[in-house]
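Down below is the structure, laid out as structure tokens.
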Amino acid sequence: MIDLRLLRVDPDRVRASQRARGEDVELVDALLAADERQRSSSSRFDELRNEQRQLGKQVAQAKGDEKAALLERTKELSGEVKAANAEQTEAEAEVQRLLGGLANLLDPAAPIGGEEDFVTLEEVGTPRDFGAEGFEPRDHVELGKLLGAIDTERAAKVSGSRFYYLTGVGALLELALVNMAVAQATEAGFIPMITPALVKPRAMEGTGFLGQAAENVFHLPEDDFYLVGTSEVPLAAYHMDEILDADQLPLRYAGFSPCFRREAGTYGKDTRGIIRVHQFDKVEMFSYVAPEDAEAEHKRLLQWEKDFLNKLGLAYRVIDVASGDLGASAMRKYDIEAWIPTQGKYRELTSTSNCGEFQARRLGIRMRGEEGNRPLATLNGTLCAVPRTIVALLETHQLADGSVVVPEALRPYLGGREVLTPVGK
RNA sequence: GGAGGCUUCGCCUAGUCCGGUCUAUGGCGCCGCACUGCUAAUGCGGUUUCGGGGUUAUUCCUGAUCGAGGGUUCAAAUCCCUCAGCCUCCGCCA
């Protein structure tokens, strides 16, 4: 949600932002009109209500004929007040409806364009050259099978496509990655959190996932719960309707939760393996900061993401995501894509977004500072999305015989194991 | 799932039976000022939140807000209904 006052003062800026995102520009004018209507109906109600309250005081003290006369007028007023109130409520709801459909303002520094128009900020590490090493790399599905780590066949039997079991060393690998991520986050001052995976509509909506992203959200209609696609949702909604003291910021949480995604419209994409699944676990960083600190915090989140991937010895590139591919909440977004050897390309592993005041406004989260109460900024970033990290890890560090070398930093979390070896060998 | 209790402006709390002077009481905390070698104590003032309007030195006018929504009424923190959350007990349960 953006600031209505900004929309009044500088509608062109909002129009430009909508245009760059490929979103509805007309919405801006509809909203301006609705806002005008809301304000005039509201001041009408204010006046009537004021009169009603004044008369009410007189009624309380009046007696006899005087009282009867007053009552006549107040009865009439009562109807007018009700009508004005209804009108105001309706106008207000219309404003909220339109405002809720407006995407966040774009950061002027974000690249303009569609999915393909990202800007590569840097490439880190060198993709391994298996040709030079003289063997053909196995993909993560094959490796997972050899190691007894991943079972997608039985998962299909039990849950259908896009599900998986992590078995044996695979299960241990997830726990190790999660522990390593949580340890890094905790050391950096994040408060570790284990969050609900089912949330109410308000939380989902406030975080900005029920707009264009709604088709990818699981919903339980009988109970009106949503399954979160990321712990960003419960972490953002954690402080819903609260006013936080400015001096306790920045407030940083590292959430661990399962994540559920419908993956609607992705039939035929990444059908093999565990790149694109309906359920996975993830450690997510989330920050509440003063708006003026948001940009710097965004860089910090990115750095923590890089630190984690560096420790795992992965090759990756950092991209600055283009305007059309940001999602409704983000002003700017950096993705880190790791090199996946058997695909011969970079695939998204983590993503960090600066949502500015957008989510905070929708969720009613403010900060109390010297300048009074004002919305704060929220940011999020993936520390470790488990399945894709496992994919990159297995494929990158495999050996000719199907063994996988465990990166040094991860070994303490795997009981000191240095190599994962195929089962039965 | 059943029965009962509770929800008031940061926290605690008065007010709800019996509707109007509630412009919501008091305490704690916090902020400012005064006093004081320093601190403390004391005194005075301020302190829910969100809008709209006027003037912009600053202040003034006004509406909403007592868990949420609806209803009754000229008038609702107060009466009625629905819902949510919390607590206690019973049942069930990892």
Side-chain angles (χ1 to χ4, degrees), chain A residues 1-9 31-100 102 194-206 219-226 234 237-249 251 257-258 288 291 357-376:
Chain A
M1 189 180 294
I2 69 157
D3 188 355
L4 255 185
R5 275 171 287 211
L6 178 110
L7 184 99
R8 284 173 202 151
V9 172
L31 196 46
L32 282 171
D35 177 50
E36 190 54 49
R37 214 171 330 122
Q38 192 278 128
R39 275 192 295 167
S40 68
S41 67
S42 142
S43 70
R44 218 180 90 76
F45 169 74
D46 283 2
E47 281 166 29
L48 287 169
R49 181 69 178 145
N50 184 25
E51 188 182 354
Q52 186 183 42
R53 289 170 55 120
Q54 302 311 323
L55 286 179
K57 279 178 194 161
Q58 296 174 34
V59 170
Q61 286 165 352
K63 290 193 181 76
D65 287 350
E66 194 192 346
K67 185 161 186 168
L70 275 173
L71 281 183
E72 210 161 309
R73 170 61 186 142
T74 52
K75 272 180 190 167
E76 191 184 314
L77 238 191
S78 176
E80 292 174 37
V81 168
K82 264 185 191 136
N85 188 23
E87 204 178 311
Q88 187 216 30
T89 306
E90 199 182 320
E92 171 69 30
E94 177 70 357
V95 168
Q96 286 307 314
R97 193 183 66 77
L98 293 172
L99 196 55
L102 201 62
I194 294 185
T195 65
L198 295 181
V199 299
K200 297 195 280 189
R202 169 98 197 279
M204 211 58 177
E205 192 146 43
H219 183 218
L220 303 179
E222 278 196 33
D223 305 283
D224 208 10
F225 277 129
Y226 289 92
Y238 186 65
H239 288 297
M240 185 158 75
D241 294 325
E242 292 181 24
I243 304 175
L244 307 174
D245 280 327
D247 54 20
Q248 71 181 117
L249 301 177
L251 206 46
S257 82
Y288 294 85
E357 301 172 12
F358 186 80
Q359 292 179 328
R361 283 183 193 280
R362 294 167 75 104
L363 291 165
I365 307 169
R366 286 158 295 162
M367 55 186 278
R368 190 192 316 276
E370 280 168 16
E371 301 153 59
N373 300 328
R374 59 189 172 115
L376 42 69

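Sequence lines set the chain letters: A, B, ... in the order given, protein chains first and strands last, and positions in each chain run from 1.
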Between atom CD in A:Q54 and atom P in B:rA75, what is the gap in whole Å? 15 Å
Opposite nucleotide pairing with B:rU65, Watson-Crick or G-U, both atom distances under 3.5 Å: none
Base of B:rG51 paired with side chain of A:D46 (donor-acceptor, under 3.5 Å): yes
Does OP1 or OP2 of B:rU73 have a side-chain N or O of A:S78 closer than 4.0 Å? no
Side-chain donor-acceptor pair present, A:Q359, A:R362, cut-off under 3.5 Å: no
Does B:rG29 have a Watson-Crick or wobble mate here (both distances under 3.5 Å), and if so which one? B:rU47
Side chain of A:K82 (C-beta onward), nearest among B:rG53, B:rG51, B:rU72: B:rU72
A:M367 pairs by side-chain contact (heavy atoms from CB on, under 4.5 Å) with which of A:E242, A:R374, A:Q248? A:R374
Residue matched to B:rU42 through Watson-Crick or wobble contacts both under 3.5 angstrom: B:rA34
Classify A:R366 by what it touches in the nucleic acid, base, sugar-phosphate, or nothing, heavy-atom distance under 4.0 Å. sugar-phosphate
Scan every strand shown for a Watson-Crick or G-U wobble partner of B:rC93, both distances under 3.5 Å, and answer none if you come up empty. none
Look at the side chain of A:R8 and decide which nucleotide, out of B:rU49, B:rA64, B:rG52, has an atom nearest to it. B:rG52
Between B:rC87 and B:rC28, how many Å separate the two C1' atoms, rounded to a whole number? 24 Å
Please determine, for the side chain of A:N373, which listed nucleotide (B:rA64, B:rG52, B:rU49) has the closest atom? B:rU49
Would you say the side chain of A:L7 lies within less than 4.5 Å of the side chain of A:D35, judging by non-hydrogen atoms? no
Whole angstrom value for the distance that separates P of B:rC30 from CG of A:D247: 13 Å
Nucleotide forming a Watson-Crick or wobble pair with B:rU7, both distances under 3.5 Å: B:rA84
Do NZ/NE/NH1/NH2 and the carboxylate oxygens of A:E205 and A:R202 come within less than 4.0 Å? no
Please report the shortest heavy-atom distance between A:S41 and A:E87, naming the atom on each side. CB-OE2, 4.0 Å
Could you tell me how far apart A:D224 (CG) and B:rG85 (P) are, to the nearest whole angstrom? 12 Å
Euclidean distance, atom CD of residue A:Q52 to atom C1' of B:rA64 [Å, nearest integer]: 13 Å
Can you tell me the distance, in whole Å, between the CZ atom of A:R361 and the C1' atom of B:rG51? 14 Å
Look through every strand shown and name the nucleotide pairing with B:rA75 as Watson-Crick or G-U wobble, where both distances are under 3.5 Å. none
Starting at CZ of A:R44 and ending at C1' of B:rU62, how long is that distance when rounded to a whole Å? 16 Å
Just name whichever nucleotide pairs with B:rU23, Watson-Crick or G-U, keeping both distances under 3.5 Å, else none. none
When the distance from CG of A:L4 to C1' of B:rC50 is rounded to whole Å, what number comes out? 13 Å
Compare side-chain N and O positions of A:N50 against OP1 and OP2 of B:rG63 and report whether any pair is under 4.0 Å apart. yes
For B:rU58, give the paired nucleotide (Watson-Crick: N1-N3 plus N6-O4 or O6-N4; G-U: N1-O2 and O6-N3; both under 3.5 Å), or none. none
Phosphate OP1/OP2 of B:rA75 contacted by A:R53 side-chain N/O (<4.0 Å): no
Between NZ of A:K200 and C1' of B:rA84 the distance, given in whole Å, is 7 Å
